[in-house]
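Okay, so here's the structure we're looking at.
All heavy atoms count here, side chains included; hydrogens, waters and symmetry mates do not.
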Amino acid sequence: MTKWLSGYYEENIIYAAEIIKSGGLVAFPTETVYGLGANALDKIAVAKIFEVKNRPDFDPLIVHISKKEDIFLYAENVSEDVKKLIDIFWPGPLTVVLPKKDVIPDIVTAGLKTIALRMPKNSIALKLISYSKVPIAAPSANPFGYISPTSAFQVAETLNKKIDCILDGGKCEFGLESTVLAFQEDGIFLLRPGALEIEKIEKVINKTIKIYSGNQINSPGQLKKHYSPHKKTILIYPEQSLNKQQKDSKLLQKLQNLKDKVHDLQKIFLLLPSKDIIDNYQEILQMNFGKIDYFSENFDLRVIASSLFEKLYLADKSDMHFIVIVGIEKQGLGISIMNRLEKAAEEKI
Ligand code: TXA
Ligand code: MG
């Protein structure tokens, strides 16, 4: 049985920490998404994560710590840049990939010689780690490839009965996973854009982050399809280099053209970046989409990021047959948001 406990009570966190110590699995809130945690030093416990998530064994896990200095227990070659970054951005949505120390079992890192580490900015998560007295390996708490959970409810719906405990800490603040950076001899590489913007990272170290394009590093950040709803999902790209009016009329045209693909717009769940699009274009309402929802009231990247997975999940659970998402420009957090949407959608127009 899965125990669903409020993470706001100290005794529940202590209880969950006991589960971690004894080799069980606990879903817990972080500021990004819910994690599915196990003792990172216990091979069998970590194997359970792969089993429950149906996660391929080539896909390494992030290890969560509750004190910055613990980075030295599990990683080698912690450079000045890393120190500067964790000084400023930890606790927070930044994951650093560094050469690993032997105490971390190979199963955690999928056999890689590197380890991904992060200190989450959520008091329930931090207490869980420190009461457990071990580092906690945790991927997002969803079946592999499916939409990441940003509420305890979403975890319960997809992993119920398969895990020992869910610590409920309400909705996640960011709603989008951490930014993953690899520190290598030949530079600093972005493995997954995430809740911390690259521009902010570059400013602190005064270096350019390179985009990783090789394939020696396994990162679902690198898989083409991920974070995907079960329903057929179509992403509409914003038009580049047109003025606002041209862009808007192009969008209306693309929405109109969906009829050729889907025949019945009544079967579509339309997700818009913000409500003001409908306010400005009543034509969208007249097209008779089955359902319409939006990620934010007024266009706000933080709000869009934080509601992204939740809205996708609700659209996937609805009685519509298709999900159509209107995308945004790839700037700032928009890069991470579009990264998730491009992987979620099987078709882009
Ligand atoms: O915000 C987050 O990062 C959330 C919360 C729970 O902390 N966790 C999360 O974990 O998103 P997961 O497993 O869904 O994604 C971890 C990412 C994957 O892209 C994985 O391949 C990459 O980190 N990763 C982990 N260890 C790595 C390593 N040693 N080298 C390269 N990539 C690594
Ligand atoms: Mg994930």
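- In this structure, Asp102 places its CG atom where only 12 or fewer heavy-atom neighbours from other residues, nucleotides or ligands lie under 6.0 Å away.
- Note: Asn122 CG to Tyr34 OH = 8.0 Å, rounded to the nearest 0.5 Å.
- The pair Asp42-Lys21 fails the salt-bridge criterion, with no side-chain N (NZ, NE, NH1 or NH2) lying under 4.0 Å from an Asp/Glu carboxylate O.
- Here the side chain of Lys330 pairs no donor or acceptor atom with the backbone of Met338 at under 3.5 angstrom.
- Between Glu31 and Arg118, at least one side-chain N (NZ, or NE/NH1/NH2) sits under 4.0 Å from a carboxylate O, which counts as a salt bridge.
- Proximity of a side-chain donor or acceptor of Ser79 to a complementary backbone N or O of Asn77 within less than 3.5 Å is not detected.
- Residue pairs meeting the ring-ring contact (aromatic ring centres under 6.0 Å, His included) criterion with at least one member in residues 231-278: none, sequence neighbours excluded.
- Between the side chain of Lys68 and the backbone N or O of Trp90 there is at least one donor-acceptor pair closer than 3.5 Å.
- Although no hydrogens or angles enter the test, the distance criterion places a donor-acceptor pair under 3.5 Å between the side chain of Ser336 and the main chain of Gly194.
- Listed by first then second residue, pairs satisfying salt bridge (charged side-chain N to carboxylate O under 4.0 Å, His left out) with a partner in residues 156-166 read Glu157-Lys317, not counting sequence neighbours.
- Inspection of the Ser148 and Arg340 side chains reveals no N or O donor paired with an N or O acceptor under 3.5 Å.
- No donor-acceptor pair closer than 3.5 Å links the side chain of Asp57 to the backbone N or O of Ala110.
- Asn142 places no side-chain N or O within 3.5 Å of a backbone atom of Pro149 that could act as its donor or acceptor partner.
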Checklist entry - Going through the checks in order, is the side-chain contact (heavy atoms from CB on, under 4.5 Å) test met by Tyr8 and Ile124? => result CA-CA 7 Å; Tyr8 296 108; Ile124 299 171; 4.1 Å; yes
Next on the checklist: Does Leu314 form a side-chain contact (heavy atoms from CB on, under 4.5 Å) with Asp293? I'd like the steps, not just the answer.
Outcome noted: CA-CA 10 Å; Leu314 292 176; Asp293 201 357; 5.6 Å; no
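- Lys232 has a carboxylate O that lies under 4.0 Å from a charged side-chain N of Glu347, or vice versa, which qualifies the two as a salt bridge.
- Looking at Lys53, its side chain does come within 3.5 Å of a backbone N or O of Ser140 through a donor-acceptor pair.
- Look at Lys83 and Glu80 and you find a salt bridge, because one of the NZ, NE, NH1 or NH2 atoms lies within 4.0 Å of a carboxylate O, short of that distance.
- Between Lys200 and Lys203, every side-chain heavy-atom pair lies at or beyond the 4.5 Å cut-off.
- In this structure, Tyr146 and Tyr313 have perpendicular ring planes: the angle between them is above 60°, well past the 30° mark.
- The closest donor-acceptor contact from the side chain of Lys207 to the backbone of Gly187 lies at 3.5 Å or more, if one exists at all.
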Checklist entry - Yes or no on side chain to side chain donor-acceptor pair (under 3.5 Å) for Ser178 and Thr95, after CA distance, side-chain angles and deciding distance? => result CA-CA 6 Å; Ser178 62; Thr95 296; 2.7 Å; yes
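- By the 6.0 Å contact criterion, CG on Asp260 is enclosed, its count of non-hydrogen atoms from other residues, nucleotides or ligands being greater than 12.
- Asp316 places no side-chain N or O within donor-acceptor distance of the main-chain N or O of Pro229, the cut-off being under 3.5 Å.
- Taking a 6.0 Å sphere around CD1 of Ile88, one finds it holds more than 12 heavy atoms contributed by other residues, nucleotides or ligands.
- One N or O on the side chain of Ser307 and one on the backbone of Phe295 form a donor-acceptor pair closer than 3.5 Å.
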